[in-house]
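Proteins come first, then strands; the chains are lettered A, B, ... in the order of their sequence lines, and each starts at number 1.
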Number of protein chains: 2
Amino acid sequence: MTQAQPEDAKRKRGAKKAPRFSREQADVRRSMLIEAATRCLSVGGIGAFTIDRICKEAGVSRGLINHHFESLDGLLVEVYKSSLYASVNNQIDEAKRRRAEASGWPPEAALAALVRSNFAPEYFSRENLLIWLSLWGEIAVNARLKAAHRELYDAYRAELAEDIAAVAVERGRQVDASALARNFIALVDGLWLEWCLDESVVTPQAAEAAGFEMLEAQVGPLRDS
Amino acid sequence: MTQAQPEDAKRKRGAKKAPRFSREQADVRRSMLIEAATRCLSVGGIGAFTIDRICKEAGVSRGLINHHFESLDGLLVEVYKSSLYASVNNQIDEAKRRRAEASGWPPEAALAALVRSNFAPEYFSRENLLIWLSLWGEIAVNARLKAAHRELYDAYRAELAEDIAAVAVERGRQVDASALARNFIALVDGLWLEWCLDESVVTPQAAEAAGFEMLEAQVGPLRDS
DNA sequence: GCTCTTGTTGTACGAACGTTCAACAAGCAT
DNA sequence: ATGCTTGTTGAACGTTCGTACAACAAGAGC
């Protein structure tokens with residue numbers, strides 16, 4: 001308590017006040033704001049996506065959002081791209097990579113890996129779900145978000161269909177890969193939704209099992225190999 | 001243009017002004033407000049759920065909502081009960097009725113009817129979907145809505161599980177009915193969601209087919225009988 | 001130490017928000 | 001006609017919203 005703080009010593013010696021704020025590179029500050037905005041979204045839903053709350057969460061003043069983003073709506077699009085777009089695109093890229101190096105990854109292993117990534121703790125988390133949920137409600141209303149969403153889902157659906165088709169061809173099965181991919185995505189989103197609204201109904205393990213069951217009903221076993 | 005309107009004739013004769021508003025029974029007015037609020041929700045999402053817009057949509061003055069409901073939040077709960085709770089409970093009641101009169105409805109027919117009701121145009125409609133979507137985002141945040149939602153989904157899941165179990169028992173199949181019911185509901189909600197965010201991805205017919213496929217993979221054929 | 005650039009602050013503003021309530025009038029009872 | 005009940009109105013309030021912008025200061029360059 002009586003011990004001199006480093007700041008105090010500094011102030012005594014140089015008679016300098018502690019800086020009231022620190023300057024950051026534009027992209028660093030943008031990331032900070034996006035992260036703070038994401039945190040607001042995951043806690044209070046779209047109703048908490050406000051200039052005041054986001055700036056308070058980020059520990060900056062009210063004027064900064066409009067300095068780094070064209071508007072609050074622009075920040076929302078960035079949040080979408082940063083938290084959802086990025087992670088899904090990550091899954092797509094990894095799937096493409098696995099499919100490219102055909103030697104190490106037989107089709108069923110690649111498909112199984114893609115399925116599992118949907119239920120990995122880093123994606124299938126409660127905070128991620130609340131972000132999805134909040135954004136879904138906005139996508140239906142916001143044209144810019146809707147465009148971004150369609151592009152993303154089309155890409156993911158296509159990649160998933162490719163992986164499914166690869167397994168089906170290898171096993172000589174007749175499968176409507178794009179319909180199955182669409183249904184699988186619907187099931188995953190639905191399970192996320194159920195979990196988000198009532199976590200006692202489903203566990204990540206049960207959700208993963210349900211996902212595999214849907215695919216295996218059409219392309220045969222994927223897990224035990 | 002120069003033709004006398006009925007109102008004008010009336011006014012001339014009796015020197016009476018047209019009534020500025022009409023009085024309604026409390027429950028009638030409440031229904032009007034709930035319907036107007038629902039319309040706002042289905043068009044503009046939760047962001048359009050405001051006193052001003054709802055009253056304008058209903059054609060009444062700003063003060064009326066707080067006269068008939070404890071608050072705007074209370075109105076939201078009523079919207080939930082009126083548009084979702086009611087329709088799902090309707091499905092549950094019909095399913096119970098079918099299961100009661102065992103003579104006319106063999107288990108597989110009862111289950112098929114329950115499945116089909118999920119994709120009937122009166123439920124699987126674009127405006128209904130936007131209402132669901134808006135409310136989902138609120139359920140995750142609003143304690144009162146969350147409680148109502150859990151009660152409703154528990155009831156629906158239980159009824160669906162009963163219908164599934166009845167078919168499984170009849171056919172001597174070993175099925176985890178409650179898990180299958182949960183997965184089915186997740187699939188349906190997911191398909192609704194996909195359709196809502198991008199209507200070109202799925203049709204109601206394809207959605208219904210996907211629902212049947214999931215169940216038939218475990219309990220056997222349901223449609224061709 | 002000094003200047004300059006520019007990231008940051010914080011106030012100001014109008015609009016929209018939910019809520020309250022005194023005044024009003026529609027329509028039934030008399 | 002007249003009075004009474006009460007559903008309805010609309011202004012007013014304080015708050016919060018998104019945005020704009022002049023003033024400020026942190027930190028690099030010299």
Side-chain angles (χ1 to χ4, degrees), chain A residues 7 10-11 13-34 36-37 40-41 44-79 134 138 141-142 144, chain B residues 7 10-11 13-34 36-37 40-41 44-79 134 138 141-142 144:
Chain A
E7 300 90 277
K10 209 178 191 178
R11 201 176 307 172
R13 200 189 301 191
K16 275 187 186 174
K17 291 179 292 186
R20 288 205 293 136
F21 59 90
S22 69
R23 318 188 78 136
E24 303 291 347
Q25 297 268 36
D27 56 341
V28 172
R29 189 63 87 186
R30 282 172 61 94
S31 298
M32 287 177 61
L33 288 170
I34 289 172
C40 287
L41 211 54
I46 197 68
F49 197 85
T50 298
I51 296 268
D52 281 320
R53 301 200 206 190
I54 295 168
C55 287
K56 189 174 182 181
E57 175 71 30
V60 300
S61 71
R62 281 172 49 72
L64 209 51
I65 284 180
N66 285 284
H67 182 260
H68 286 287
F69 300 90
E70 51 177 322
S71 68
L72 186 65
D73 201 69
L75 175 56
L76 185 59
V77 174
E78 293 302 314
V79 167
S134 302
E138 285 300 301
V141 172
N142 186 317
R144 291 172 63 188
Chain B
E7 300 90 277
K10 209 178 190 178
R11 202 175 307 173
R13 199 189 300 186
K16 276 185 185 173
K17 289 180 293 188
R20 288 205 293 139
F21 59 90
S22 69
R23 319 188 79 141
E24 303 292 346
Q25 298 268 35
D27 56 342
V28 172
R29 189 63 88 186
R30 280 171 63 94
S31 299
M32 288 177 61
L33 288 169
I34 290 171
C40 287
L41 211 54
I46 197 69
F49 197 85
T50 64
I51 298 269
D52 282 320
R53 301 201 206 189
I54 295 167
C55 287
K56 189 174 181 181
E57 174 70 29
V60 299
S61 70
R62 278 171 53 71
L64 209 52
I65 284 180
N66 285 283
H67 182 260
H68 286 286
F69 300 90
E70 50 177 322
S71 69
L72 186 65
D73 201 68
L75 175 57
L76 185 60
V77 174
E78 293 302 313
V79 167
S134 301
E138 285 301 299
V141 172
N142 185 317
R144 291 172 63 189

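As rounded to whole Å, 15 Å separates atom P of C:dC17 from atom CG of B:L75. The CD1 atom of A:I51 sits 15 Å away from the C1' atom of C:dA15 (whole-angstrom rounding). Spacing between atom CG of A:D52 and atom P of C:dG10 amounts to 13 Å, rounded to whole angstrom units. The separation between A:I46 atom CD1 and D:dG18 atom P is 10 Å, rounded to whole Å. The separation between A:K56 atom NZ and D:dC17 atom P is 11 Å, rounded to whole Å. Atom-to-atom, CD of B:Q25 to P of D:dT5 comes out at 18 Å; the value is rounded to the nearest Å. Here C:dC17 presents its P atom at 11 Å from CD1 of B:I65, a figure rounded to the nearest Å. Rounded to whole Å, the distance from CZ on A:R30 to C1' on C:dG7 is 14 Å.
Comparing B:F21 and B:R53 by the nucleotide of DNA chain C whose heavy atom lies nearest to each, the residue mapping closer to the 5' end is B:R53. Nearest-nucleotide positions on DNA chain D place B:G59 closer to the 5' end than the other of B:G59 and B:R62.
In this model, the phosphate group of D:dT8 is approached by a side-chain N or O of B:R29 to a distance below 4.0 Å at OP1 or OP2. Regarding contacts with the backbone of D:dG10, every side-chain N or O of B:S61 stays at 4.0 angstrom or more from both OP1 and OP2. An OP1 or OP2 oxygen of C:dT20 is reached within less than 4.0 angstrom by no side-chain nitrogen or oxygen of B:H67.
Here the side chain of B:S71 pairs a donor or acceptor atom with the backbone of B:D73 at under 3.5 angstrom.
Set against D:dT19, D:dG27, C:dT8, the side chain of A:P19 has D:dG27 as its closest nucleotide. Side-chain atoms of A:T50 lie closest to D:dC17 of the nucleotides C:dT9, C:dG27, D:dC17. With D:dG18, D:dT9, C:dT9 as the choices, the nucleotide that has an atom nearest any side-chain atom of A:R20 turns out to be C:dT9. Comparing D:dT8, C:dT8, C:dT19 against the side chain of B:H68 picks out D:dT8 as the nearest.
Residue A:C40 comes nearest to A:R53 through the heavy atom pair SG-O, 3.8 Å, listed as atom of the first residue, atom of the second, then distance. Of all non-hydrogen atoms in B:S134 and B:I46, the two that sit nearest each other are OG-N, 3.8 Å. Scanning both residues, B:E70 and B:N66, for their nearest heavy atoms gives O-OD1, 4.3 Å. Across all non-hydrogen atoms, the minimal contact from A:V60 to A:R29 is CG1-NH1, 3.6 Å.
Residue-level contact check: A:F69 touches neither bases nor backbone, having no heavy atom under 4.0 Å from any strand. At the heavy-atom level, B:E24 lies under 4.0 Å from the strands shown only through sugar-phosphate atoms. Nucleic acid contact for A:L72: sugar-phosphate only, since backbone atoms but no base atoms lie under 4.0 Å from a heavy atom of the residue.
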